[in-house]
> 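I'd like to ask you about the structure that follows.
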Amino acid sequence: MSTPHVVVVMGVAGTGKTTIGPLLADALGVPYAEGDDFHPPANIAKMSAGTPLDDNDRWPWLDAIGQWAHGRAGLGGVVSSSALKRVYRDRLRAEAPGAVFLHLTGDRSLIEQRMADRKGHFMPAALLDSQFSTLQPLQEDEAGVGVDVSGTPEEITERAVAALRRLAN
């Protein structure tokens, strides 16, 4: 399955955006961009210290992701971004109107365990509460689908491809 859309893989920390994003991009035959790579060093330092980002921290990050997505319009691509609030997704859509969102969802205890198990990531599990309290799930008028993150990365990717295929029809 190939897509001219840019798919934004979204969700709270620990849902597997960085794992599923590249697998999805491979399955769709499009390039992948890691959303964390768009953060300025000050954002990474802030999160590494256990301090949640505020909206002023997020705007330049979201704009950079949106610009990448805009450059892939009509060509397709997959990019990760927590995109937790509707206003953040609106900002991404302002840059890339055809963007489609893949919301990775799951049981909090599973996500917390995955965060505890991962090594070398700047986002501590202590910030998971702020992520869940900030999360505004996709609304009916937003182009996108939700996919549960239980199972293997390959199973999650298969469900994501199937859900995106249904969305396109």
Side-chain angles (χ1 to χ4, degrees), residues 6-25 31-72 77-97 99-139 141-153 156-157 160:
V6 172
V7 179
V8 179
V9 181
M10 64 167 282
V12 299
T15 53
K17 296 180 296 291
T18 298
T19 300
I20 302 306
L23 292 173
L24 180 62
Y32 171 72
E34 171 55 51
D36 287 343
D37 293 343
F38 294 91
H39 275 297
N43 284 9
I44 293 172
K46 194 171 184 179
M47 289 183 284
S48 295
T51 304
L53 300 179
D54 61 29
D55 287 351
N56 289 328
D57 298 319
R58 287 187 182 96
W59 299 137
W61 172 64
L62 290 165
D63 291 344
I65 292 171
Q67 289 163 9
W68 183 89
H70 177 80
R72 297 298 310 163
V78 174
V79 64
S80 59
S81 170
S82 52
L84 297 177
K85 288 184 182 179
R86 169 73 185 246
V87 68
Y88 304 159
R89 296 188 298 270
D90 289 345
R91 189 144 180 154
L92 290 169
R93 277 190 294 269
E95 288 284 337
V100 173
F101 291 84
L102 173 68
H103 183 186
L104 298 178
T105 65
D107 177 71
R108 181 189 166 83
S109 61
L110 172 65
I111 294 167
E112 193 167 27
Q113 184 59 51
R114 287 183 179 174
M115 286 185 78
D117 291 345
R118 69 185 184 181
K119 305 290 184 243
H121 195 277
F122 60 81
M123 175 71 87
L127 290 182
L128 193 55
D129 285 337
S130 73
Q131 294 263 300
F132 272 106
S133 67
T134 301
L135 176 63
Q136 296 172 345
L138 287 173
Q139 301 299 302
D141 65 331
E142 293 184 271
V145 294
V147 173
D148 183 77
V149 296
S150 59
T152 67
I156 298 163
T157 302

> Quick check: does any side chain N or O of K17 sit under 3.5 Å from a backbone N or O of G11, one acting as donor and the other as acceptor?
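Between the backbone of G11 and the side chain of K17 there is a qualifying donor-acceptor contact (under 3.5 Å).
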
> Applying side-chain hydrogen bond (donor to acceptor under 3.5 Å, both in side chains), name anything that partners T134, two or more places apart in sequence or on another chain.
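With sequence neighbours excluded, T134 shows a side-chain hydrogen bond (donor to acceptor under 3.5 Å, both in side chains) to no residue whatsoever.
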
> So, using side-chain hydrogen bond (donor to acceptor under 3.5 Å, both in side chains) as the criterion, who are the partners of E142 when residues are at least two apart?
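Only R89, R93 meet the side-chain hydrogen bond (donor to acceptor under 3.5 Å, both in side chains) criterion with E142.
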
> Does any part of the side chain of D55, heavy atoms only, come nearer than 4.5 Å to the side chain of K85, both counted from C-beta?
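Of all side-chain heavy-atom pairs linking D55 with K85, at least one is under 4.5 Å.
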
> Would you mind reporting whether L102 and V100 have side-chain heavy atoms less than 4.5 Å apart?
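With C-beta onward as the side chain, the pair stays apart.
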
> Run the side chain to side chain contact (heavy atoms under 4.5 Å, CB included) test against S109 and tell me which residues pass, sequence neighbours left out.
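Scan of S109 (side chain to side chain contact (heavy atoms under 4.5 Å, CB included), adjacent residues dropped) gives D107.
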
> For P153, check side chain to side chain contact (heavy atoms under 4.5 Å, CB included) against everything at least two apart and list the hits.
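Partners of P153 by the side chain to side chain contact (heavy atoms under 4.5 Å, CB included) criterion, ordered by chain and then number, come out as T19, I20, L23.
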
> Testing T15, V9, V12, L135 for side chain to side chain contact (heavy atoms under 4.5 Å, CB included) with H103, which one passes?
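Going through the options one by one, the only one that passes is L135.
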
> What residues, two or more places apart in sequence or in another chain, satisfy salt bridge (charged side-chain N to carboxylate O under 4.0 Å, His left out) together with D63?
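Applying salt bridge (charged side-chain N to carboxylate O under 4.0 Å, His left out) to D63 gives R91.
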
> Using only atom types and a distance under 3.5 Å, with no angle test, would you say the side chain of W68 pairs donor to acceptor with the backbone of G35?
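Not at all, since once roles are kept as given, no pair shorter than 3.5 Å links the two residues.
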
> Mind checking the CG-OG1 spacing from L138 to T105? Nearest 0.5 Å is all I need.
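Nearest 0.5 Å value for the CG-OG1 distance: 10.0 Å.
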
> Determine whether a donor-acceptor pair (N or O, by modelled atom type, separation under 3.5 Å) exists between the side chain of N43 and the backbone of P40.
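Flag not set: sc N43 to bb P40 has no pair under 3.5 Å.
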
> Who pairs with S80 by side-chain hydrogen bond (donor to acceptor under 3.5 Å, both in side chains), at least two apart in sequence or on another chain?
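Checked S80 against side-chain hydrogen bond (donor to acceptor under 3.5 Å, both in side chains); matches are Y32, E34.
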
> Mark yes or no for whether H39, through its side chain, and I44, through its backbone, hold a donor-acceptor pair below 3.5 Å.
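The answer is no, because no donor-acceptor pair under 3.5 Å joins these two groups.
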
> Atom CG of L104 and atom CG of D148: how far apart are they, to the nearest 0.5 Å?
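Spacing of CG (L104) from CG (D148) equals 9.5 Å.
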
> Checking the side chain of R86 only, and the main-chain atoms of Q136 only, is there a donor and an acceptor separated by less than 3.5 Å?
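The answer is no, because no donor-acceptor pair under 3.5 Å joins these two groups.
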
